[in-house]
Colleague: 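Below: one structure in structure tokens.
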Amino acid sequence: MGMMKQAKGLQEKMQSLQEEIADMEVTGSAGAGLVSVIVDGKGGLKSVKIDPSLAKPDEVEILEDLIVAAANDARGKAEGAAQEKMQELTAGLPLPEGFKLPF
């Protein structure tokens with residue numbers, strides 16, 4: 001019975017943590033800060049900021065590449081933050097090696 005109670009408690013904490021992760025905002029940047037983006041905890045792009053010096057017609061391709069790099073940077077940071085929170089939640093639980101949450 002104690003195991004079921006622990007599982008229910010873990011499920012409630014997991015749901016709360018997933019909501020907290022979804023509400024996170026993480027900033028990623030590229031080009032020494034000339035382009036920055038904000039993503040949510042699930043990696044969804046929320047905003048893009050571009051230094052005005054990059055808005056030159058002959059540099060559009062560079063700008064596009066920097067936006068992609070900044071978005072990837074932010075997504076990676078968001079995934080890392082989410083993984084850290086999951087590890088904090090499951091610390092001390094007797095989970096099998098390689099077991100990943102959420103399922």
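For the numbers below, each heavy atom of this structure counts, side chains included, while hydrogens, waters and symmetry mates do not. If you read the sequence from its start, that first residue is 1, and numbering goes on from there.
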Colleague: Write down the atom of A74, the atom of G28, and the distance for their closest heavy-atom approach.
Modeller: CB-N, 3.4 Å

Colleague: Which residues satisfy the side chain to side chain contact (heavy atoms under 4.5 Å, CB included) test with K8, sequence neighbours excluded?
Modeller: E12

Colleague: Just checking Q11: does its CD atom have more than 12 heavy atoms from other residues, nucleotides or ligands closer to it than 6.0 angstrom?
Modeller: no

Colleague: Using salt bridge (charged side-chain N to carboxylate O under 4.0 Å, His left out) as the criterion, list what pairs up with E19, not counting sequence neighbours.
Modeller: none

Colleague: Quick check: closest heavy atoms across M24 and A81, and the distance to 0.1 Å?
Modeller: CE-CB, 3.8 Å

Colleague: Go through the structure and list residues passing side chain to side chain donor-acceptor pair (under 3.5 Å) with K85, not counting sequence neighbours.
Modeller: E20

Colleague: Treat each ILVMFWY residue as a node, draw an edge where side-chain heavy atoms are under 4.5 Å apart, and state whether L63 and V68 are in one component.
Modeller: no

Colleague: Heavy atoms only: give me the nearest A30-A69 pair and the separation to one decimal.
Modeller: CB-CB, 3.9 Å

Colleague: Identify the heavy atoms of M86 and L17 that sit nearest to each other, and give their distance.
Modeller: SD-CD2, 3.5 Å

Colleague: Does any non-hydrogen side-chain atom of I50 lie less than 4.5 Å from one of L66?
Modeller: no

Colleague: Looking at V37 and A70, what are the two nearest heavy atoms and their distance?
Modeller: CG2-O, 3.2 Å

Colleague: Taking side chain to side chain contact (heavy atoms under 4.5 Å, CB included) as the test, write out the residues that go with T27, two or more places apart.
Modeller: S36, I38

Colleague: Mind checking salt bridge (charged side-chain N to carboxylate O under 4.0 Å, His left out) for D73 and listing every partner two or more places apart, or none if nothing turns up?
Modeller: K77

Colleague: Just jot down the side chain to side chain donor-acceptor pair (under 3.5 Å) partners of S53, sequence neighbours excluded, or say none.
Modeller: D51

Colleague: For the CD1 atom of I21 and the CG atom of D40, what is their distance to the nearest 0.5 Å?
Modeller: 11.5 Å

